[in-house]
Amino acid sequence: MEYKPFISLIIPTRNRISLLKQCLRSFYEKCSQKKLIEFIVLVDRDDTETIGYLLKEEYPWSANMNII
């Protein structure tokens, strides 16, 4: 059975990688149904450091994340 996200969290960020990582980890660890949560991270195009971090790193919540 394919799961579709039930909860979507929209997280705007700019040049705050450590805070973003804490935020994502905190939400992910507290969610009991991890397949039902979706992270939508909004990043400015010129924030290449954050975009690179989100695309490069592999975390448990990476499968639940969309970068816009």
Side-chain angles (χ1 to χ4, degrees):
M1 179 178 185
E2 183 179 331
Y3 290 94
K4 294 186 179 184
F6 181 72
I7 299 171
S8 296
L9 295 168
I10 300 172
I11 305 167
T13 187
R14 181 172 174 80
N15 296 324
R16 294 189 177 127
I17 293 174
S18 63
L19 291 175
L20 176 63
K21 185 177 176 180
Q22 289 175 343
C23 176
L24 293 170
R25 179 185 294 126
S26 177
F27 278 119
Y28 189 78
E29 288 175 353
K30 287 176 176 61
C31 185
S32 61
Q33 298 292 322
K34 297 189 180 351
K35 292 182 180 182
L36 301 180
I37 191 169
E38 170 187 43
F39 298 115
I40 301 171
V41 182
L42 305 174
V43 184
D44 289 340
R45 286 181 188 229
D46 63 343
D47 186 3
T48 56
E49 186 177 340
T50 301
I51 294 170
Y53 163 77
L54 290 170
L55 294 174
K56 180 181 171 187
E57 297 294 326
E58 189 65 35
Y59 292 102
W61 56 81
S62 296
N64 300 52
M65 185 168 47
N66 292 311
I67 304 166
I68 297 175

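Atom set for the values below is all heavy atoms of this structure, side chains included, hydrogens, waters and symmetry mates excluded.
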[atom1] of [X] to [atom2] of [Y]: how many Å apart, nearest 0.5 Å?
X	Y	atom1	atom2	result
I51	I67	CD1	CD1	8.0 Å
L20	N15	CG	CG	11.5 Å
N64	I40	CG	CD1	11.5 Å
L24	T13	CG	OG1	8.5 Å

_Quick check: closest heavy atoms across F39 and Y28, and the distance to 0.1 Å?_
CZ-N, 4.0 Å

*asked:* Looking at every heavy atom in both K34 and E29, which two are closest together, and how far apart are they?
replied: NZ-O, 3.8 Å

*Sequence neighbours excluded, which residues qualify as side chain to side chain donor-acceptor pair (under 3.5 Å) partners of S26?*
K30

*Which pairs count as salt bridge (charged side-chain N to carboxylate O under 4.0 Å, His left out) when at least one residue sits in residues 11-27, sequence neighbours excluded?*
R14-D44, R14-D46

_Contact list for residues 47-56, test salt bridge (charged side-chain N to carboxylate O under 4.0 Å, His left out), sequence neighbours left out_ = none

*For C31, check side-chain contact (heavy atoms from CB on, under 4.5 Å) against everything at least two apart and list the hits.*
I37

*According to a 4.5 Å side-chain heavy-atom criterion applied to Ile, Leu, Val, Met, Phe, Trp and Tyr, with indirect links allowed, do L42 and L19 form part of one hydrophobic cluster?*
no

